[in-house]
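Here's the structure we're looking at; comments come further down.
Throughout, protein chains are lettered first and strands after them, A, B, ... in sequence-line order, and every chain is numbered starting at 1.
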2 protein chains.
Amino acid sequence: MGAKSHYNDVLKERNLKATKHRFAILEALENCKIPVTAEDLYIKLKRDGISISLSTVYRCLETLHKKGIVIKSNIPDYNKAVFEYNHNEHRHHMICIKCHKMQPVNGCPLEEFEKFIESKFDFTVKGHNLEVYGYCSGCGSKETASNYSCCPERNEGS
Amino acid sequence: MGAKSHYNDVLKERNLKATKHRFAILEALENCKIPVTAEDLYIKLKRDGISISLSTVYRCLETLHKKGIVIKSNIPDYNKAVFEYNHNEHRHHMICIKCHKMQPVNGCPLEEFEKFIESKFDFTVKGHNLEVYGYCSGCGSKETASNYSCCPERNEGS
DNA sequence: ATTGCAAATGCGAATCATTCGCAAAAACAA
DNA sequence: TTGTTTTTGCGAATGATTCGCATTTGCAAT
């Protein structure tokens, strides 16, 4: 039980029981380059020969998310939540508005902005959410999509 | 029909028919200080004596959003979409993780970051999504919530 | 104005992601 | 091993959103 003991600690620290399903989920997530939906993960686990139910996947992800072990986010105009292992490196993502692929970008330009907000409003900043969207290399930028402030329309006809 | 002609133009420009429902929705949205859910809007319209069905509200919002007239976004850990009129001022929001209230903040610190991304990755930036979350003035910061990188757990028990 | 056609709407049913209830199966402390 | 607390499986329930289709409306051409 070498590598697993790592997850063991992570879980125990937060008063979570160390179950094989949680190990499997954490391991699968940690291996994912990009955030996945609960169902993606479920399928992946099944494919790896792990017997688990979809509701368990949802429940575990939710629990792990609540404990900060997993990050949960939403892709604009995509009505599913996606999850990723929280590497505790602060980073954001680029999301392709065509194929919905998400890829990480390290670094964060927001420290000052948060200070600004706290100084200007009576608001205690606890975090933020930032995604940049556009066209990934595969999808190109041939489309003449208009650039709305939140989520362009898909190219419709034209 | 003085004020309404404005919406008329907005709609016509995008090849949308000018219907009273769309006027009503745009007017209601433009009057909202904060983003609202489709259902909030539906209730508001009903209260104002407008006869409309919930599916029409959804459909209109979606259409208006696709055309860039309305902004659609997601509040983390709140499984509903919220909508607001697109004033075309670029702005973001502070979201209270306790009461889910959202308030706008003008200004945006991301221009450089977007340039950085385009220069570093083969990605064509079309927009972004940024929300800051924490505790609003009403909800205070008394809770000792941990600050995860995306959405703290609610204070559980304690 | 009238006509005709495409787009928009109402209504309820359908869908889809996510959650819940509850009994059975772990985990883990004693 | 035993008892207590969590977790899990399964399927049913939920809740937001979408869809189908018949009806109505907007609006351009007559």
Side-chain angles (χ1 to χ4, degrees), chain A residues 1 4-5 7-26 35-43 45-46 50-67 69-70 72-83 100 154 156-157, chain B residues 1 4-5 7-26 35-43 45-46 50-67 69-70 72-83 100 154 156-157:
Chain A
M1 61 163 85
K4 307 232 154 163
S5 62
Y7 297 131
N8 213 317
D9 294 346
V10 168
L11 292 168
K12 290 291 172 60
E13 272 168 23
R14 332 245 170 163
N15 297 312
L16 295 177
K17 288 191 175 170
T19 70
K20 62 183 166 203
H21 287 133
R22 284 174 180 164
F23 285 151
I25 285 177
L26 288 172
V36 292
T37 65
E39 197 169 13
D40 290 341
L41 190 58
Y42 171 69
I43 291 169
L45 291 170
K46 284 292 194 182
I50 289 157
S51 163
I52 193 171
S53 84
L54 183 56
S55 29
T56 300
V57 174
Y58 273 105
R59 257 184 305 220
C60 284
L61 286 172
E62 194 59 33
T63 304
L64 296 171
H65 162 57
K66 286 227 194 86
K67 295 294 190 175
I69 302 168
V70 155
K72 175 180 182 181
S73 36
N74 283 96
I75 297 181
D77 274 322
Y78 188 65
N79 61 336
K80 294 174 191 164
V82 291
F83 301 84
H100 290 127
R154 311 284 178 265
E156 34 176 335
Chain B
M1 58 162 85
K4 305 231 155 169
S5 63
Y7 297 131
N8 213 317
D9 294 346
V10 168
L11 292 169
K12 290 293 173 61
E13 272 168 23
R14 331 244 170 164
N15 297 311
L16 294 178
K17 289 192 172 168
T19 71
K20 62 183 166 206
H21 287 134
R22 284 175 179 163
F23 285 150
I25 286 178
L26 287 172
V36 292
T37 65
E39 196 169 14
D40 291 341
L41 190 58
Y42 171 70
I43 291 169
L45 291 171
K46 284 291 194 185
I50 290 157
S51 163
I52 193 172
S53 85
L54 182 57
S55 28
T56 300
V57 174
Y58 272 105
R59 256 184 305 220
C60 284
L61 286 172
E62 194 58 32
T63 303
L64 296 170
H65 162 57
K66 286 228 194 86
K67 295 294 189 175
I69 303 169
V70 155
K72 175 179 182 181
S73 35
N74 282 96
I75 298 182
D77 275 321
Y78 187 65
N79 61 337
K80 293 174 193 165
V82 291
F83 300 85
H100 291 128
R154 311 285 178 266
E156 36 175 336

Heteroatom pairs (N/O) under 3.5 angstrom, protein to nucleotides 6-8 of chain C:
| residue | atom | partner | partner atom | Å |
| --- | --- | --- | --- | --- |
| C/dA6 | N3 | B/K17 | NZ | 3.2 |
| C/dA7 | O4' | B/K17 | NZ | 3.1 |
| C/dA8 | OP1 | B/R22 | NH1 | 2.6 |
| C/dA8 | OP1 | B/R22 | NH2 | 2.8 |

(message) What is the distance, to the nearest angstrom, from the NZ atom on A/K67 to the C1' atom on D/dT7?
(response) 14 Å

(message) Rounded to the nearest 0.5 Å, what separates atom CD in A/E39 from atom NZ in A/K46?
(response) 12.0 Å

(message) Quick check for you: to the nearest 0.5 Å, what is the distance between A/R14 atom CZ and A/L64 atom CG?
(response) 9.5 Å

(message) Distance check needed: D/dT18 P versus A/D77 CG, whole Å only.
(response) 9 Å

(request) Work out which heavy atom in B/I75 is nearest to a heavy atom in B/H100; give both atom names and the distance. (result) CD1-O, 3.8 Å

(request) Name the residue closer to the 5' end of DNA chain C, choosing between A/A18 and A/L54 according to the nucleotide with the nearest heavy atom. (result) A/L54

(request) Return the value, rounded to whole Å, for the distance between atom CG of A/L11 and atom P of C/dC28. (result) 9 Å

(request) Round to a whole Å and report the spacing from NZ of A/K20 to P of D/dT6. (result) 20 Å

(request) Identify, between A/S51 and B/A81, the residue whose nearest nucleotide on DNA chain D lies closer to the 5' end. (result) A/S51

(message) If you compare every side-chain N and O of A/Y58 against the phosphate oxygens of C/dT18 (OP1, OP2), does one of them come in below 4.0 Å?
(response) yes

(message) Around atom NZ of A/K20, are there more than 12 heavy atoms from other residues, nucleotides or ligands closer than 6.0 Å?
(response) no

(request) Round to the nearest Å and state the distance from A/H100 atom NE2 to C/dA17 atom P. (result) 13 Å

(request) Take atom CZ of A/R59 and atom P of D/dA13, then tell me their distance rounded to the nearest Å. (result) 16 Å

(request) Record whether the side chain of B/S55 comes under 3.5 Å of the base of C/dC11 through a donor-acceptor pair of N or O atoms. (result) yes

(message) In whole Å, I'd like the distance from the NE2 atom of A/H65 to the C1' atom of C/dT19.
(response) 15 Å

(request) Please round to the nearest 0.5 Å and tell me the distance separating atom CG of B/L61 and atom CZ of B/R59. (result) 12.0 Å

(request) Let me know the distance between CD1 of B/I43 and P of D/dA16, rounded to the nearest Å. (result) 10 Å

(request) Could you grab the distance from atom OG1 of A/T56 to atom CG of A/L45, nearest 0.5 Å is fine? (result) 10.5 Å

(request) Report the nucleotide, chosen from D/dC19, D/dC27, C/dG21, that has the shortest atom-to-atom distance to any side-chain atom of B/K12. (result) D/dC27

(request) May I ask you to decide if B/C60's main-chain N or O and B/R22's side chain share a donor-acceptor pair within less than 3.5 Å? (result) no

